[in-house]
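In what follows, a single structure is set out as structure tokens and then discussed.
Just so it is clear, the values below take in all heavy atoms, side chains as well, and ignore hydrogens, waters and symmetry mates. Numbered from 1 within each chain, the chains take letters A, B, ... in sequence-line order.
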Number of protein chains: 2
Amino acid sequence: MQRNDMRPTEAELEILQVLWEKGPSPVRTVNDELSRKREIGYTTTLKLMQIMAEKGLLTRLKEGRGHVYSCAIQQNDTQQQMLDRLLNGVFGGSATKLVMQALGNSKTSEKELNEIKKYIENLEGGKS
Amino acid sequence: MQRNDMRPTEAELEILQVLWEKGPSPVRTVNDELSRKREIGYTTTLKLMQIMAEKGLLTRLKEGRGHVYSCAIQQNDTQQQMLDRLLNGVFGGSATKLVMQALGNSKTSEKELNEIKKYIENLEGGKS
DNA sequence: AATAATCTACGAAATACTTCGTAATTTAAA
DNA sequence: TTTAAATTACGAAGTATTTCGTAGATTATT
């Protein structure tokens with residue numbers, strides 16, 4: 001399994017997002033995607049991705065004229081890790097507090113709220 | 001109200017945590033607290049807190065030989081802001097996904113799960 | 001008042017993160 | 001095969017963050 005203490009930076013996260021969504025892609029694709037949100041030079045994206053490959057956040061394969069990059073870390077693992085960080089760093093470790101705040105100030109639909117309720121009941125079942 | 005787009009850094013967050021928990025405190029107290037977790041020089045903490053005061057994250061009052069610092073931003077606001085950031089940055093904006101992940105991999109007690117369920121039902125009531 | 005202890009102000013080094021220019025390389029097109 | 005287009009490698013500048021040393025000021029002790 002991948003090293004677990006990786007803390008992607010803000011910029012790295014943007015790139016991971018694209019790759020998680022679009023799957024393995026060349027720099028060009030990632031850069032195009034990032035450019036839709038903000039101005040960013042091609043070589044900036046390239047450099048970031050090269051560094052991420054060195055760090056082990058991405059892997060890459062030669063493909064035609066350039067490379068195709070893939071995420072080396074799971075989206076789930078990253079989510080969990082960053083969640084833990086927020087939980088301990090800002091919510092004093094209370095998942096309850098975090099969950100309530102997340103649901104309170106967000107436009108979560110009734111349907112989704114119901115799903116969550118079911119999910120909780122499932123958890124409760126598993127514990128008893 | 002306080003500016004809403006403040007992004008405390010990691011180190012700043014540590015300090016805010018202490019002040020939120022202990023209330024207004026001098027540098028010495030904050031530094032002692034931080035030192036329990038990791039090695040950090042007094043002047044490092046001092047400098048950080050001075051910068052935070054400049055930025056408007058903290059306020060301070062002369063008190064005896066030194067100063068007493070207080071948080072200028074609410075814990076709630078900060079929690080919400082960082083939650084939003086995580087939500088959009090890593091969970092694609094889906095509070096549901098985030099909540100499930102938070103509950104899934106954490107040792108939330110049955111009692112707490114129940115509280116959350118009630119909280120959700122309350123939300124549902126408010127929406128209909 | 002002299003000495004010691006504590007705190008502040010200031011500057012600057014050390015580190016981490018982001019950005020991009022340029023030159024070299026590779027591939028495709030003319 | 002020459003030219004053009006795309007990609008890479010590399011270095012380095014720019015910015016933000018974290019760290020701390022030193023000198024000076026303030027307060028408490030002797």
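- Nucleotide D/dA9 holds its P atom 13 Å from the CD1 atom of A/I51, rounded to whole Å.
- Between B/T43 and D/dT19 there is no side-chain polar atom (N or O) within less than 4.0 angstrom of OP1 or OP2.
- A donor-acceptor contact under 3.5 angstrom links the side-chain atoms of B/K47 to the base of C/dG11.
- Taking atom CG on A/L48 and atom P on D/dA9, their separation rounds to 15 Å, with Å as the unit.
- Whole-Å rounding puts the A/E63 CD to D/dA6 C1' distance at 15 Å.
- Picking from D/dA9, D/dA28, C/dC20 the nucleotide with the shortest atom distance to the side chain of B/R65 gives D/dA28.
- A straight line from CD1 of A/I40 to P of C/dC20 spans 7 Å, rounded to a whole angstrom.
- Residue A/Q50 places at least one side-chain N or O closer than 4.0 Å to OP1 or OP2 of D/dA9.
- No donor-acceptor pair under 3.5 Å is formed between the side chain of A/E21 and the backbone N or O of A/V18.
- Linking ILVMFWY side-chain heavy atoms closer than 4.5 Å, directly or via other members, places B/Y42 and B/Y69 in a single hydrophobic cluster.
- Each of B/E14 and A/V68 lies near DNA chain D, and the nucleotide nearest A/V68 is the one positioned closer to the 5' end.
- For B/R28 and C/dC7, the shortest distance from a side-chain N or O to OP1 or OP2 is below 4.0 Å.
- Between C/dC20 and A/T44, a contact under 4.0 Å exists linking OP1 or OP2 to a side-chain N or O.
- Atom CG of A/N31 and atom C1' of C/dT18 are 14 Å apart (whole Å).
- Panel note: side chain B/E14, backbone B/L34; no donor-acceptor pair is recorded below 3.5 Å.
- Rounded to whole Å, the distance from CD on A/E39 to P on C/dT18 is 17 Å.
- Rounded to an integer number of Å, the gap from CD of B/E54 to P of D/dT18 is 15 Å.
- For B/Y42, no side-chain nitrogen or oxygen approaches OP1 or OP2 of D/dG21 to under 4.0 Å.
- Taking atom CG of B/L46 as the reference point, atom P of D/dG24 lies 17 Å away to the nearest angstrom.
- The shortest distance between the side-chain N/O atoms of B/R60 and the OP1/OP2 oxygens of C/dA9 is below 4.0 Å.
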Derivation and outcome, salt bridge (Lys or Arg N to Asp or Glu O under 4.0 Å), residues B/E10 and A/R85: CA-CA 10 Å; B/E10 206 77 10; A/R85 186 134 62 99; 3.4 Å; yes

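- Neither OP1 nor OP2 of C/dC7 sits under 4.0 Å from any side-chain N or O of B/H67.
- The side chain to side chain donor-acceptor pair (under 3.5 Å) with A/Q80 is formed by just one residue from the set A/T78, A/D84, A/D77, A/N76; it is A/D84.
- When each of A/G66 and A/E10 is assigned the nucleotide of DNA chain C bearing its nearest heavy atom, the one mapping closer to the 5' terminus is A/E10.
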